[in-house]
Amino acid sequence: MTLDDIKREIENANTILIETHETPDGDAIGSSLAMYLALKSIGKDVDIVIPTHSRAFNFLPGANEIKTEGRGIKYDLGIALDCTDTKRLKGYEPFFEEAKTTICIDHHGSNKMFADFNYVDPVAPACAQILIIVLRKLGIEIDKEIGTCILTGIITDTGGFKYDGVTTETFEFVAELLRKGVKVSDTYKRVLQTKSKANFLLTKKVIDRMEFLEDGKITFTYITKQDIEEVNAEEGDHEGLVEFGRDVEGVEVSIFLREIEEGEYKASLRSKDYVNVSDICIMFAGGGHEKAAGCTINMPLEEAKEKMISHVKTYLK
Ligand code: 5GP
Ligand code: MN
């Protein structure tokens, strides 16, 4: 699909529903809120319906207008952002699927092209960065509020401008935001640098438990439901825990498992240089990016661990 399709569909719609993936990260929530504010600014009747999110994002403009239920109407248009497949809309897919027309805007190579119109750019460092182009096409001004939401998406998905996908456009856009008076440093501090107490306590646990395997090329660690309860963890408090292993010298892949229910684990994988962890997660019906991906595994901890490690091993040089 082209930008013209998106423009036409948005212009023709009045009631619009915005959704994103489960356990929304900064890009998911930043992209959704940016789109929400932008569509409201041109007079659309928009609902942003997304799952429980980390309170770290409550400072974002429009965050207090996020709904956890649809309005019970058949929306003219459903827009999914930063989401690879309807399964990841986690319980909210009926609202989306019932919309008369659906659009998906995303940057995951593993996107399933599930909407009527799919605008997927796997090279974009964040879904939020694609929105810059989309909003320009729609002739919507990116003001300070929308800019802060887009910036949040870019900062979180690029690990603070440090990952491969960052482009000249990324910095040009941030320069433009600075010129408009957006507090770039403050946003950075809020979304990347500030850790909750629970996140800090979980960090201690995952570091303590970290195992180095395959000559130190793989790290493995995990948290259980009991850990989560012990530290009173809230939504989003596990963010970033997978990165500690990856950042150790010599490590290529970091594996982190988080217990959801007994016998059900959410796996997060990160790689440093050459392993495509998205390919690995696709084998477990998940997906993501080359260097950051995830999936759900339904088996006991030891089995899940062995299974992940044996797959990752085959990708090592
Ligand atoms: P995280 O490890 O931070 O949860 O996710 C890393 C990346 O992989 C994100 O871009 C996220 O959207 C994607 N991802 C995580 N879990 C899944 C999953 O179960 N399915 C798919 N398709 N993508 C996932
Ligand atoms: Mn993203």
Side-chain angles (χ1 to χ4, degrees), residues 19-35 50-51 53-54 56-57 80-90 93 104-114 118-132 149-159 163-166 170 191-192 199 206 219 221-223 235-246 253-260 264-271 275-298 304 308 312:
E19 290 196 8
T20 188
H21 65 75
E22 56 177 323
T23 46
D25 53 22
D27 191 27
I29 201 154
S31 299
S32 304
L33 281 170
M35 188 55 119
I50 58 179
H53 63 271
S54 160
F57 301 120
L81 295 150
D82 196 38
C83 188
T84 48
D85 56 77
T86 42
K87 202 175 70 188
R88 297 211 79 215
L89 296 172
K90 213 62 176 193
E93 59 269 37
C104 165
I105 301 174
D106 186 27
H107 71 132
H108 291 90
S110 60
N111 188 289
K112 296 241 172 84
M113 305 290 176
F114 57 89
N118 300 283
Y119 192 76
V120 180
D121 176 6
V123 176
C127 180
Q129 187 162 316
I130 305 175
L131 288 195
I132 302 170
C149 296
I150 293 181
L151 178 69
T152 292
I154 293 176
I155 288 177
T156 48
D157 260 27
T158 62
Y163 295 146
D164 287 344
V166 170
T170 316
V191 302
L192 220 55
N199 176 271
V206 299
T219 57
T221 192
Y222 65 94
I223 53 172
E235 194 63 47
D237 279 335
H238 64 275
E239 288 289 335
L241 297 176
V242 63
E243 292 169 14
F244 292 102
R246 178 201 60 193
V253 178
S254 159
I255 308 168
F256 167 63
L257 297 185
R258 174 168 57 99
E259 187 178 22
I260 307 291
E264 181 184 347
Y265 289 85
K266 181 82 211 176
S268 280
L269 268 68
R270 296 292 184 271
S271 64
V275 171
N276 185 333
V277 286
S278 176
D279 283 352
I280 297 171
C281 289
I282 286 172
M283 288 197 282
F284 293 90
H289 306 288
E290 276 180 32
K291 290 179 177 157
C295 56
T296 301
I297 310 190
N298 291 297
M308 291 288 354
V312 171

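Counting convention: from 1, in listed order, for ligands and their atoms alike.
Counting heavy atoms from C-beta outward, Tyr163 and Pro125 have side chains that stay 4.5 Å or more apart. Contact annotation: the side chain of Met308 approaches that of Ile280 to within less than 4.5 Å [non-hydrogen atoms, C-beta and beyond]. The shortest distance between side-chain heavy atoms of Arg270 and Val277 does not fall below 4.5 Å. Val275 has its side chain within reach of Val253: a pair of non-hydrogen atoms, C-beta onward, lies under 4.5 Å apart.
The N/O atoms of Ser268, backbone and side chain alike, include one that comes under 3.5 Å of an N/O atom in ligand 1.
The closest protein non-hydrogen atom to atom 22 (N) of ligand 1 is Thr84 OG1, 2.8 Å. Of all protein heavy atoms, the one lying nearest to atom 8 (O) of ligand 1 is Ala293 CA, 3.3 Å. Considering only non-hydrogen protein atoms, atom 9 (C) of ligand 1 sits nearest to His108 NE2, 3.8 Å.
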Just do the side chain to side chain contact (heavy atoms under 4.5 Å, CB included) check on Thr23 and Lys266 with the steps written out, would you? CA-CA 11 Å; Thr23 46; Lys266 181 82 211 176; over 6 Å; no
Begin from the C-alpha positions of Ile29 and Thr20 and carry the test side chain to side chain contact (heavy atoms under 4.5 Å, CB included) through to its verdict. CA-CA 7 Å; Ile29 201 154; Thr20 188; 5.8 Å; no
Please assess Leu241 against Thr221 for the test side chain to side chain contact (heavy atoms under 4.5 Å, CB included), listing each intermediate value before the final yes or no. CA-CA 9 Å; Leu241 297 176; Thr221 192; over 6 Å; no
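Neither the backbone nor the side chain of Thr23 has a heavy atom within less than 4.0 Å of ligand 1.
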Donor-acceptor contacts under 3.5 Å from residues 282-294 side chains, at least two apart:
| unit_1 | atom_1 | unit_2 | atom_2 | d |
| --- | --- | --- | --- | --- |
| His289 | NE2 | His108 | NE2 | 3.2 |
| Lys291 | NZ | Asp164 | OD2 | 2.6 |

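Between the side chain of Asp82 and the backbone N or O of His21 there is no donor-acceptor pair closer than 3.5 Å. Side-chain atoms of Thr156 come within 3.5 Å of backbone atoms of Gly153 as a donor-acceptor pair (strictly under, hydrogens ignored).
Ligand 1 lies nowhere less than 4.0 angstrom from a heavy atom belonging to Lys112.
When each of Asp85, Asn118, Asp106 is tested with Lys112 by the rule side-chain contact (heavy atoms from CB on, under 4.5 Å), just one qualifies, namely Asp85. When each of Cys281, Ser278, Ser268 is tested with Cys295 by the rule side-chain contact (heavy atoms from CB on, under 4.5 Å), just one qualifies, namely Cys281.
Of the listed residues (Arg270, Glu239, His107, Lys90), the one carrying the non-hydrogen atom nearest atom 3 (O) of ligand 1 is Arg270. In this comparison of Lys291, Arg88, His238, His289, the heavy atom closest to atom 11 (C) of ligand 1 sits on Arg88. When the heavy-atom distances from atom 14 (N) of ligand 1 to Cys83, Gly286, Ala285, Gly287 are ranked, the shortest goes to Gly287.
By the neighbour-count criterion of 12 heavy atoms within 6.0 Å, atom NZ of Lys90 is sparsely surrounded, having that number or fewer from other residues, nucleotides or ligands.
For ligand 1, the atoms sitting less than 4.0 Å from at least one non-hydrogen atom of Ala292 are 6 (C), 7 (C), 8 (O), numbered in the order shown with element in parentheses. Taking every heavy atom of Gly288 and a limit of under 4.0 angstrom, the matching atoms of ligand 1 come to 8 (O), 13 (C), 23 (N). Taking a cut-off of under 4.0 Å to the non-hydrogen atoms of Cys295, the atoms of ligand 1 that pass are 16 (N), 19 (O). Using a 4.0 Å cut-off to heavy atoms of Lys266, the atoms of ligand 1 that qualify are 16 (N), 17 (C), 18 (C), 19 (O). Here is the list of ligand 1 atoms found below 4.0 Å of a heavy atom in Asp85: 22 (N).
Here the Mn ion (ligand 2) has protein N, O or S atoms under 2.8 Å from it, and they come to 4.
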